[in-house]
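Data block below; observations after.
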Number of protein chains: 4
Amino acid sequence: MEQSAGGRPREARIERDVLAAARELLVEQGFAGLRVAAVAERAGTTKPALYRRWPSLPHLVYEAAFPDDVAVALHLGGDLRTDLYGIVVGVRDLFTSPVVSAALPGLIAEFARRPELHASLLQRFSGVFVDLDRRLLRAVQDGDARADVCADDLVQTVLGAVLAGIVFTPEGLDDGWADRLSTTLWKGIRP
Amino acid sequence: MEQSAGGRPREARIERDVLAAARELLVEQGFAGLRVAAVAERAGTTKPALYRRWPSLPHLVYEAAFPDDVAVALHLGGDLRTDLYGIVVGVRDLFTSPVVSAALPGLIAEFARRPELHASLLQRFSGVFVDLDRRLLRAVQDGDARADVCADDLVQTVLGAVLAGIVFTPEGLDDGWADRLSTTLWKGIRP
Amino acid sequence: MEQSAGGRPREARIERDVLAAARELLVEQGFAGLRVAAVAERAGTTKPALYRRWPSLPHLVYEAAFPDDVAVALHLGGDLRTDLYGIVVGVRDLFTSPVVSAALPGLIAEFARRPELHASLLQRFSGVFVDLDRRLLRAVQDGDARADVCADDLVQTVLGAVLAGIVFTPEGLDDGWADRLSTTLWKGIRP
Amino acid sequence: MEQSAGGRPREARIERDVLAAARELLVEQGFAGLRVAAVAERAGTTKPALYRRWPSLPHLVYEAAFPDDVAVALHLGGDLRTDLYGIVVGVRDLFTSPVVSAALPGLIAEFARRPELHASLLQRFSGVFVDLDRRLLRAVQDGDARADVCADDLVQTVLGAVLAGIVFTPEGLDDGWADRLSTTLWKGIRP
DNA sequence: CACTAATCGAGACGGTACGTCGCGTCTTGTG
DNA sequence: CACAAGACGCGACGTACCGTCTCGATTAGTG
């Protein structure tokens, strides 16, 4: 639609290979060690081809770490405690992947200069918010949660706990941690 | 100690002015927009004078954002719920100051490359951990908290919630938020 | 001949408009400031249409500055002094036109890389050489010139004087200059 | 004078080596094949160090081809015919050196965009003009030259003949050519 | 009336080089 | 010693053109 008109079409290979190269180099070199020229070279293309597709390296990193099709797998459907555990584990698994944990701190630092990245990430996870909002509403109706508990708070707390975990104790986010956190939250929001 | 021997003594003015300049420019330009030359110029000195004092710009930023004398004011001493509220508010107030919120994401991103900064920040807040550990131990003895609740989890959750707040909803960390979070945690850790 | 077979015929308009656009832009921007995309745009066409007709921009410039039909108007037929004056003025008038004086230095610089352009320009002016050779032969027979004077030297000297004039004193090539130069040459080649 | 004040002084080695590298690469690759990075590399330095000294590559080429100390060796002092021959040979020898003949066409093409280079070259050869002017004045007084002959015309003609020779018949500028040209000029300017 | 073949526009392609910026270091003269 | 000043090597940046290619859509002549 946006480029239905004439002109040589873009090679799909390049977008694909560049994102793959970026993911590899993120893990190998870290966000701060990522070089535009290195990504281009590993992808078998050149810098101008990159800048035709992404306005800057952080934009490319963002798309490499959070492709359009990623999402937190929520698997809601059990009792509240089980669902909370699932949410915690889902968020943890997404954010502790090598690529995401390498990219995220750098991306967050770039948010101050690139608001569109910030907005984009928020929107990417809006689905989680909506789903969780609905689940929480049901919990309130079932008498499993207080009426003043808000989904945004809950998601932010889970997200934050994972974030702090990546930064401070990356190895400590095991299933025991997930169990303790989800238990505390489950008890914490009960009436 | 390290430079007790002869020679011209360092001007105390420079260290003071450079830190002040760094704080100003952090707020004005953000972490990513901070330039060594700009800090030196605003402080009325030069780059070599800076590098004599700090090994790199992130080290300077770290000291500018977290001076030796900062600490979370905990004011423990009330009942558990009040103390938890105080902790949340204390962490929030420290991390949401303009300078710290501008510096922190960038510093976190640098942790991957400069482990000594990482370690230094952890150590700076070890006091909070110790204090909270002691408070939680008393709560367990008083029957206000479950025995399996661990202070590290709790601090990390509070820290993470503030961090996520800085990143995603900087304006939303009002006293109501602090009340909701501390309430949930208080209920969550009760036996 | 070269494209007698089927297919859509070239639009004559394009060749014409491109050459005109190149002439305009040569005068406006100079040889070094000439851009393929700019020429194409001003001619209302595109780069590929250009490269279908000329192998490179210098080739196009060459044809724009020296079309097939240009030639030095020699008007030989008077006495030797008059004819020499006519030659000097003819060469001067051709090479000091805005388009040619803008194109020539750049083209000369390209000769080192594109020998075919070099050869082509020499061939284009071979007519002058032949005519002058014949005129000089007659002058020798008439006793107006020494037998060892060679036409190539003479043409090269006139060409060089005009070239040096373009480069060093573009405004100084008036009729007085032409008179002085032709007089010196006339006297110089006499027996 | 211009940088008498503090700061690390420039390394004389760099200016020297860069000019030498430029001269080598001009001969090896030609003006159009000259690359800033290649010059820097061969000189054992970097692009920024080059741009600190010269505003652009043509400025550097200009200084490489025409150092402050170059000048046409005129050796005036004999009779007029001998001196004219000496002038022709002197100009020829300067401009047909590998470095100058590689640099000059490209430089001339740049004159359109960099008037300061143009002016600089003119000034560089003003000495020749002055010397020749004086010699011609004596010739007029001695009755060896017409009073209306002007030194500028003469220099320009010699320069132009050499220029045209470089462009059109580089191999043909032998001593016979110099003899023929100087003879024609000598006869041409006689009363 | 299809078929063929080269053109047209548009614009992305791989590629090369550009000129600039910022880092952290070094070298001077001065206090 | 430290200071101001400023060039240094280094490495990366984002941009500008180049000349080519790939489209879908014309536009003749040929079969």
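All values reported here derive from a predicted model rather than from experimental measurement. In what follows, chains are A, B, ... by sequence order, proteins preceding strands, each numbered from 1.
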Under 4.0 Å between a side-chain N/O of B:R13 and OP1 or OP2 of F:dA2, yes or no?
-> no
Let me see the working for D:L117 and D:L121 under side chain to side chain contact (heavy atoms under 4.5 Å, CB included), right down to the final yes or no.
-> CA-CA 6 Å; D:L117 282 182; D:L121 188 61; over 6 Å; no
Pair A:H59-A:E116, side-chain donor/acceptor within less than 3.5 Å | yes
Tell me what B:G44 touches on the nucleic acid: a base, only sugar-phosphate, or nothing, going by heavy atoms under 4.0 Å.
-> sugar-phosphate
Where is the tightest heavy-atom contact between D:L26 and D:L34, given as atom of each residue plus distance?
-> N-CD1, 3.8 Å
Tell me which of C:P58 and D:T45 sits closer to the 5' end of DNA chain F, going by the nucleotide each one is nearest to.
-> D:T45
Taking CZ from C:R10 and P from E:dA5, how many angstroms apart are they, rounded to a whole number?
-> 17 Å
Starting from C1' on F:dA4, measure out to CG on B:D17 and report it in whole angstrom.
-> 15 Å
Could you give the CZ-to-P distance, from C:R42 to E:dG9, as a whole number of Å?
-> 17 Å
Tightest non-hydrogen contact, residues B:R124 and B:P67, listed as NH1-O, 2.9 Å
Please identify each residue that fulfils salt bridge (charged side-chain N to carboxylate O under 4.0 Å, His left out) with A:R16, with sequence neighbours left out.
-> none
What is the distance from CG of C:L50 to C1' of E:dA10, rounded to the nearest Å?
-> 15 Å
What does nucleotides 11-18 of chain F look like as a protein-contact string, B for base, S for sugar-phosphate only, - for none, at under 4.0 angstrom between heavy atoms?
-> BSBBBBSS
Test A:R52 against A:R10 for side chain to side chain contact (heavy atoms under 4.5 Å, CB included), laying out the working first.
-> CA-CA 10 Å; A:R52 260 174 237 127; A:R10 292 193 170 162; 4.1 Å; yes
Integer-rounded Å distance: E:dT16 C1' and C:R113 CZ = 12 Å
Check the distance between E:dT7's P and C:I14's CD1 and give it to me in whole angstrom.
-> 11 Å
Hey, what are the protein-to-nucleotides 24-27 of chain F N/O distances that come in under 3.5 Å?
{"from": "F:dT26", "atom 1": "O2", "to": "C:R8", "atom 2": "NH1", "distance (Å)": "2.8"}

Whole-Å distance, D:W54 CH2 to E:dT20 P, equals 15 Å
How close or far is atom P of E:dA17 from atom CD of D:E41, stated in whole angstroms?
-> 12 Å
Atom CD of A:E41 with >12 non-hydrogen neighbours under 6.0 angstrom = no
Check step by step if side chain to side chain contact (heavy atoms under 4.5 Å, CB included) holds for D:E15 and D:E63.
-> CA-CA 10 Å; D:E15 178 152 358; D:E63 197 173 329; 3.4 Å; yes
C:R42/C:E28 salt bridge by N-O under 4.0 Å criterion | yes
